[in-house]
Protein chains: 2
Amino acid sequence: MDFQPLGLATDLVILTVRDGALQVLLIRRGIAPYKGRWALPGGFVRPAEDLETTARRELTEETGLAAAGLHLEQVATYGAPDRDPRGRVVSVAYLALVPDLPAPVAGTDAESARWVAAPDLLADPARLAFDHHRILTDAVERARAKLEYSPLAAAFCPPEFTISELRTIYEAVWGAPLDPRNFHRKVTKTPGFVDPIGATTTRDGGRPAQLFRRGTAPTLHPPMTRG
Amino acid sequence: MDFQPLGLATDLVILTVRDGALQVLLIRRGIAPYKGRWALPGGFVRPAEDLETTARRELTEETGLAAAGLHLEQVATYGAPDRDPRGRVVSVAYLALVPDLPAPVAGTDAESARWVAAPDLLADPARLAFDHHRILTDAVERARAKLEYSPLAAAFCPPEFTISELRTIYEAVWGAPLDPRNFHRKVTKTPGFVDPIGATTTRDGGRPAQLFRRGTAPTLHPPMTRG
DNA sequence: TCTCCTTGTCGTCACTTTGACGATAAGGGG
DNA sequence: CCCCTTATCGTCAAAGTGACGACAAGGAGA
């Protein structure tokens, strides 16, 4: 066996859609290195703790949300020898998708945790600590790709949602407007994407809209088309 | 910092297409645990060695192939606390796609390294050591998905190949026959998938076939359709 | 050499899906 | 009650797909 001085951590890319924009949860680092800089939330894996358990624990700690129902998936692992100046730290990155709920950044003071618009971060490779810009880039690309072939956009929505609300998610994540009529047709005709709940809502104004729940299909056939 | 007794390893899923079938390179374990069982090739990450460097080094060691031009990508990281009875070992899995070349399992004796048909392995969760069945499952699914939206099938081929040879790759990886005429139309009409080399070959028998090289498109629009 | 066999490549045709966009439905606010 | 907003349905042409016929161009064997 080959044990060496090595830290194992997970970093979280927690995405939500607020005010029609894709946002990432960042924390301001209180200690060196990169003290005072914004970074992805993360932490070390405890002995005998599974990687996903670590990620889910941190997700709860940072957002105050019950992590049980939230979507969480592994994205990639980053292990460049010099990625952390303190020593060898290998980080497993996870992507979490959370709905835009009332109590977002609970449990931490507002100074040190914030939602930040993803496009701004992606445009500036130097704004985040460590290699977190790369992690964020990979995670956002993963999310964008997943919206194409999975019904995962619903993970950004409350349990019951309208087609328009779902479209808002796609537009925010993909960063491009979609035709409401074609989107409606596509979503309702793709088997297993959404199931009508039988009720309507007027919370978006205008004509009352049907409410839907996420369907059971693991993948969409045919997929949604980007660009 | 939080250093704990921890091993960091990489495991390789090296895929090729031989005799029209998708095959995986396995090695027979010479030491406990799982002594005598078949397993994915892998090894520990050296101090100050990048993860991908480790993977590429092992790819060369196991196959005898110059790893420079081979496709190698990270798949996922497996870190269940009990996945290795010797202690906590976290493994980063990589997927390699190699062409069916004359000197496949060089540098090792034939007893301890072998190409094995992937479908057989996938069908029997108990045949591989550790959690390697899960790793293999994830890696093969990744490969199958990538053939849909990327020109990666060419990584299984020699630099110059015919459309039929490419179709053989798809059929082997997806495990289903494809219509030669529709496949030909699709491949040649998808921009950036393949570029004609201007020469022909009769190595497949029958009418001479155009030779192609892999195109430059990173993704296929529209994608190839499975099932 | 000629015929047949094998594989490669081009076409056709019906059907589905997509993108663009007009039109109508059904609430709420003045 | 009119108008504004959003929801939802419909239409139509263009593009893509699946099924399959037909011909091209080599090699093998009679």
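Residue numbers start from 1 in every chain, and the chains themselves are labelled A, B, ... in the order their sequence lines are given, proteins ahead of strands. Hydrogens, waters and symmetry mates play no part in the numbers below; they use all other heavy atoms, side chains included.
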For [N] and [X] - does any side-chain N or O of the residue sit under 4.0 Å from the phosphate oxygens OP1/OP2?
X	N	value
R185(A)	dG10(D)	no
H184(A)	dA7(D)	no
S164(B)	dG8(C)	yes

Figure out the [atom1]/[atom2] separation between [X] and [N], and round it to whole Å.
X	N	atom1	atom2	answer
K186(A)	dC21(C)	NZ	P	19 Å
N182(B)	dG11(C)	CG	P	14 Å
F183(B)	dG16(D)	CZ	P	17 Å
L220(A)	dT17(C)	CG	P	14 Å
L178(A)	dT18(C)	CG	C1'	13 Å
D204(A)	dA7(D)	CG	P	6 Å
F161(A)	dT6(D)	CZ	P	20 Å
L166(A)	dA7(D)	CG	P	12 Å

Is [X] touching bases, backbone alone, or none of the nucleic acid, heavy atoms closer than 4.0 Å?
X	answer
K189(B)	nothing
R203(A)	nothing
T188(A)	nothing

Exercise. Does Q74(A) offer a backbone N or O that forms a donor-acceptor pair with the side chain of R142(A) under 3.5 Å?
Worked result: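 Side chain of R142(A) to backbone of Q74(A), a donor-acceptor pair under 3.5 Å: yes, one is there.
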
Problem set entry | Any donor-acceptor N/O pair, D179(A) side chain to N182(A) backbone, under 3.5 Å |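 Checked: pair present.
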
For this session: Working to the nearest 0.5 Å, report the span between CG of D204(B) and OG1 of T162(B).
Result: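 If we round to the nearest 0.5 Å, D204(B):CG and T162(B):OG1 are 4.5 Å apart.
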
Exercise. What's the spacing between R214(A) CZ and F193(A) CZ if we round to 0.5 Å?
Worked result: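 Answer for the CZ-CZ pair, R214(A) versus F193(A), is 9.0 Å.
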
Problem set entry | Polar pair under 3.5 Å, donor/acceptor by atom type, side chain R207(A), base dA7(D) |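 Indeed, a donor on one side and an acceptor on the other fall under 3.5 Å apart.
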
Exercise. Could a donor-acceptor pair under 3.5 angstrom be found where the side chain of R181(B) meets the base of dG21(D)?
Worked result: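 Between dG21(D) and R181(B), which were checked side chain against base, a qualifying N/O pair under 3.5 Å is present.
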
Exercise. Given that G206(A) and T225(B) both sit by DNA chain D, which one's nearest nucleotide is further toward the 5' end?
Worked result: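 The residue closer to the strand's 5' end, by nearest nucleotide, is G206(A).
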
For this session: State yes or no: are the ring centers of F161(A) and F212(A) separated by less than 6.0 Å?
Result: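 No, ring centres 6.0 Å or more apart.
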
